Number of protein chains: 2
Amino acid sequence: MLVALSALAEPNRLRIVGLLRGGPQPVGRIGERLSLRQPQVSKHLRVLKEAGWVDAEVVAQQRRYALRPEPFLELQQWLEDYRQLWDARFDELAAVVEELKQAEGKGRAPHGKTTK
Amino acid sequence: MLVALSALAEPNRLRIVGLLRGGPQPVGRIGERLSLRQPQVSKHLRVLKEAGWVDAEVVAQQRRYALRPEPFLELQQWLEDYRQLWDARFDELAAVVEELKQAEGKGRAPHGKTTK
DNA sequence: AACGACTATTCCCGTCAAAGAATATTTGCG
DNA sequence: CGCAAATATTCTTTGACGGGAATAGTCGTT
């Protein structure tokens, strides 16, 4: 699977990720903020960790969980593949391309690639 | 939930979305391409449709399913909130913004898109 | 070493969702 | 109107997953 999306399917995990956007947090604090019991938080964090969304830094007895950038990058790259679908700017881009095609003439391309 | 992510958690649905990237497809063709039985394809399409990822155009007895741009946009916007996390270029950008703010005086346009 | 704070793991249970098979529904055509 | 193609829906079973409660593990302090 291209990106570990399924880990975010769970609402509480999405909330955890949202919370971690504000910076690394220890398990207990996450539980407080989201009104979740500690074991559930640990379990969700485990899933998120195995999916690559978070990582833990050990500080004394605490584990400070923080977001990892990689899956976000991956997701962004995946979205890029669909850009022509949803990006409004694609239309402008298409127009420009069309214009270039006309200016250049079709079929033979006499200019070649010597645009530079 | 911000975006209908859970619908994409299912591997086969992710595959269906991937297939539809190549253009609208009728149910039967999707089943062929992905080696899925027709009822499952219909069921998955139903979920995707209710989540807003696809829409169907009726052509004779066929239903041609196509991707809808909205959820992709939504997902992109969600990603934007995490940009400082994963986008390496964020640092440069922040510098530019800072520079503009200084030059212009009062701040403006807090959420502009990058012009690539 | 013992204790306390913090976190992880295990076990049980209820729920939900996906697959399979069978059937119903829609639409065009003769 | 009745048939065939294409798709949707129902029913059932089974496996996965989340929550609760209890327990185990880790680390610093004394």
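Numbers restart at 1 for each chain; the letters A, B, ... are given by sequence-line order, proteins then strands. This structure is a prediction, so every number in the text was calculated from the model and none was measured.
- Both A:Leu19 and A:Trp53 belong to a common hydrophobic cluster when Ile, Leu, Val, Met, Phe, Trp and Tyr are linked at side-chain heavy-atom distances under 4.5 angstrom.
- A:Trp78 is listed as a side-chain neighbour of B:Leu14, based on a closest heavy-atom distance under 4.5 Å.
- Within residues 16-35 of chain A, no residue has a heavy atom under 4.0 Å from DNA chain D.
- A:Tyr65 has no side-chain polar atom (N or O) that falls below the 4.0 Å cut-off from OP1 or OP2 of C:dC6.
- Within residues 38-55 of chain B, the residues approaching DNA chain D are B:Gln38, B:Pro39, B:Ser42, B:Lys43, B:Arg46, by heavy-atom distance under 4.0 Å.
- Note on A:Arg13: only backbone sugar-phosphate atoms sit closer than 4.0 angstrom, heavy atoms only; bases stay farther off.
- Note: CG (B:Leu36) to C1' (D:dA8) measures 16 Å, nearest angstrom.
- Between A:Ser42 atom OG and A:Arg37 atom CZ the span is 14.0 Å, to the nearest 0.5 Å.
- Side-chain contact between A:Arg21 and B:Asp81 is present, with heavy atoms from C-beta onward closer than 4.5 Å.
- Put simply, the side chain of A:Arg68 gets close to the backbone of A:Gly52: a donor and an acceptor are under 3.5 Å apart.
- The CG atom of B:Leu34 sits 12.5 Å away from the CD atom of B:Gln40 when rounded to the nearest 0.5 Å.
- For the atom pair CG (A:Leu67) and CZ (A:Phe72), the distance works out to 5.0 Å, reported to the nearest 0.5 Å.
- Screening B:Lys43, B:Lys49, B:Glu50 for a side chain to side chain contact (heavy atoms under 4.5 Å, CB included) involving B:Arg46 leaves a single residue, B:Glu50.
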Heavy-atom contacts, protein to nucleotides 25-30 of chain D, under 4.0 Å, summarised as B (base), S (sugar-phosphate only) or - (none) per nt, yield -SBS--

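- In this structure, the side chain of B:Gln62 does not engage the main chain of B:Arg64 through any donor-acceptor pair within 3.5 Å.
- Separating the CG atom of B:Asn12 from the C1' atom of C:dA19 is a distance of 10 Å, rounded to the nearest angstrom.
- One atom, CD of B:Glu10, and another, C1' of C:dA19, lie 10 Å apart when rounded to the nearest Å.
- Of the inter-residue distances, the one linking B:Ile30 atom CD1 with B:Gln38 atom CD reads 11.0 Å to the nearest 0.5 angstrom.
- A:Tyr82 pairs with exactly one of B:Val17, B:Leu75, B:Leu20 by the side chain to side chain contact (heavy atoms under 4.5 Å, CB included) rule, that one being B:Val17.
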